[in-house]
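Notes follow once the structure below has been shown.
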Amino acid sequence: MFFRLYRYSLMRTMRQKITIFWNLIFPILLGTLFQIAFGNYTDKTIMFHQIPVAYVEGEEADENFTMLLDTLETENELIQVQSVEEKEAERLLEEDKVKGIFYNGRILETGGKREEKEKVKTEEEGLEIFLTVKEEGISQSILSIILEQFERTRATFTRIGKENPAAIQEAAKVLEEECQYLKEGSVMDTPANSVTDYFYSLIAMHCLMGATIGLMSATEFKANLNPLGTRRVVTGTRRFGILLPDLAANITIQFFYMLFFIGYLTYVLDVHLGDRWGLLLLTVLMGDILGIVLGFLIGVLGKLRYNVKEGLCIMIMMVSSFFSGLMMAGMLRVVETYAPFFNRINPAALIVRALYSLNIYDTYDQYIRCMGNMLLLILILGGGAFGLVRRERYASI
């Protein structure tokens, strides 16, 4: 009996075109717009890539500087070096294929135009090291810092060598511990990222969209609002025998929509949602159940018209999503600062914080608290809805 009603409910829900649009197509469109709006920004301002640089080595080149560039390329992954002739280096710089040119040693004049570019110079015993750049920017500043730090380090060791040669090894050890460089990495290597927060909030909103499916299920269960509800009431089947397969089918459909949506974000839009897929899907499932139970409670509550209840569902969903950070970055943290209790009862905030904690915390304390609060909300809302359904009676149909 249960599986037959479950199958019929699945077939009926899957045929509702409005549900397919709002619970499947609309989140995909919104996620695509998010990626178009933030994807380029993320790649340019948050993602850090190896800096391409040309290297021209001349006569009497400083081997220490050559070794430094090799270390920064192979071990620190900070720069990507191309060893070329002077004319080729200038061509690469003009075509924006490199961010700068390092000149090491005496370079024979071959018609180059080094004097027309911005340069940083260090001289010692006739040796010259230049940096030529075309424009100012973060990458160019990093290259300049590399050269300036090398100049200071060489001057320091020269002075120590003259004054106290025995301390050179100890100074080298201290310098090695202090020198740290950026490495190429993903935006997800950072503990917090406002761009990813938008996608977390979008996932939370999608979970709460299940409220519309729960509302439809409640409406189809009320004899005074729907002909299907009338037929269900007059049958001899127990109410919960009909209700539970219906809700289970709705949760299955909504979870299927969420799986498709998360797959689209991950494999099409290339949004990194973390590596703990099992817990992520468990969070999404809990969010789907919470959304459907919320909609079902609104559906069985009072004698308001369907349009009014639908508007109430949408209002709760949008307000909850707003305070979780969907429309404004950092809103979740603002609420946590001034009204932390609201984050404990806000469904979208609980979903976002659970997803967020999976990526930035090594322990599961925060995640367990969020999931516990979600489970508590499900029990409260579900208990209230089932209580109203059980008490409902009709004088005549």
Side-chain angles (χ1 to χ4, degrees), residues 47-185 189:
M47 290 282 275
F48 179 79
H49 303 281
Q50 282 184 285
I51 303 172
V53 60
Y55 178 58
V56 180
E57 186 174 276
E59 296 180 353
E60 301 181 13
D62 191 332
E63 295 182 358
N64 292 324
F65 186 72
T66 304
M67 293 173 58
L68 173 64
L69 296 184
D70 182 66
T71 301
L72 294 179
E73 180 180 23
T74 58
E75 296 183 10
N76 297 87
E77 301 179 3
L78 176 65
I79 59 177
Q80 186 177 13
V81 181
Q82 300 183 52
S83 298
V84 294
E85 298 294 333
E86 183 178 8
K87 285 187 176 180
E88 177 66 13
E90 292 178 351
R91 184 187 67 81
L92 294 174
L93 184 62
E94 289 295 331
E95 295 177 357
D96 293 325
K97 293 183 178 179
V98 296
K99 298 298 183 180
I101 305 173
F102 281 122
Y103 296 93
N104 185 7
R106 292 190 178 91
I107 308 298
L108 297 177
E109 294 297 335
T110 57
K113 301 179 180 179
R114 282 178 288 148
E115 68 278 8
E116 298 179 4
K117 305 292 189 299
E118 177 187 354
K119 53 180 77 172
V120 178
K121 180 179 179 182
T122 179
E123 296 182 356
E124 182 185 348
E125 299 178 358
L127 297 180
E128 297 181 347
I129 299 177
F130 289 92
L131 168 64
T132 299
V133 296
K134 182 181 178 181
E135 59 186 4
E136 295 182 355
I138 296 177
S139 298
Q140 290 80 1
S141 298
I142 294 175
L143 296 179
S144 178
I145 292 172
I146 290 173
L147 185 53
E148 291 174 359
Q149 184 169 348
F150 174 78
E151 179 184 8
R152 290 195 301 269
T153 303
R154 185 169 65 175
T156 300
F157 274 93
T158 301
R159 187 173 64 253
I160 294 176
K162 293 178 180 179
E163 299 177 358
N164 186 11
I168 289 182
Q169 290 186 346
E170 184 177 351
K173 185 181 300 184
V174 173
L175 182 65
E176 185 178 357
E177 294 176 355
E178 292 181 352
C179 288
Q180 296 180 353
Y181 295 94
L182 293 173
K183 293 183 66 176
E184 178 178 13
D189 294 333

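The structure displayed is predicted, hence computed values, not measured ones.
To the nearest 0.5 Å, atom CD1 of residue I142 and atom CD1 of residue I51 are 4.0 Å apart. Distance check, rounded to the nearest 0.5 Å: CG of L69 to CD1 of I79 gives 4.5 Å. Between the OH atom of Y103 and the CD1 atom of I129 there is a distance of 14.0 Å, given to the nearest 0.5 Å. In this structure, Q80 CD and E73 CD are separated by 6.5 Å, a value rounded to the nearest 0.5 Å.
Here the closest non-hydrogen pair linking G100 and V133 is CA-CG1, 4.3 Å. Between K134 and L93, the shortest heavy-atom contact is CD-O, 3.5 Å. Minimum heavy-atom separation, V84 to A54: CG2-CB, 4.1 Å. In terms of heavy atoms, L92 sits closest to Q82 at CD1-OE1, 3.7 Å.
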Dump the intermediate steps for side-chain contact (heavy atoms from CB on, under 4.5 Å) on V56 and F130, then the final yes or no.
-> CA-CA 10 Å; V56 180; F130 289 92; over 6 Å; no
Go through the steps for L131 and I101 under the test side-chain contact (heavy atoms from CB on, under 4.5 Å), then give the verdict.
-> CA-CA 6 Å; L131 168 64; I101 305 173; 6.0 Å; no
side-chain contact (heavy atoms from CB on, under 4.5 Å) evaluation trace for D62 with F150 = CA-CA 11 Å; D62 191 332; F150 174 78; 3.6 Å; yes
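Open room surrounds CD on E85; 12 or fewer heavy atoms of other groups in view lie less than 6.0 Å from it.
Within the 4.5 Å cutoff, no side-chain heavy atoms of S83 are placed close to those of E57. The shortest side-chain heavy-atom distance between F102 and V81 does not fall under the 4.5 Å cut-off.
Not counting sequence neighbours, the partners of E95 by the side chain to side chain contact (heavy atoms under 4.5 Å, CB included) test are R91, K97. Annotation: ring pair (Phe, Tyr, Trp, His ring centres under 6.0 Å) contacts of Y55 (sequence neighbours excluded): none.
For the residue pair S141 and E136, no side-chain donor N or O sits within less than 3.5 Å of a side-chain acceptor on the partner. Checked by atom type, the side-chain pair E148/S144 shows a donor-acceptor distance below 3.5 Å.
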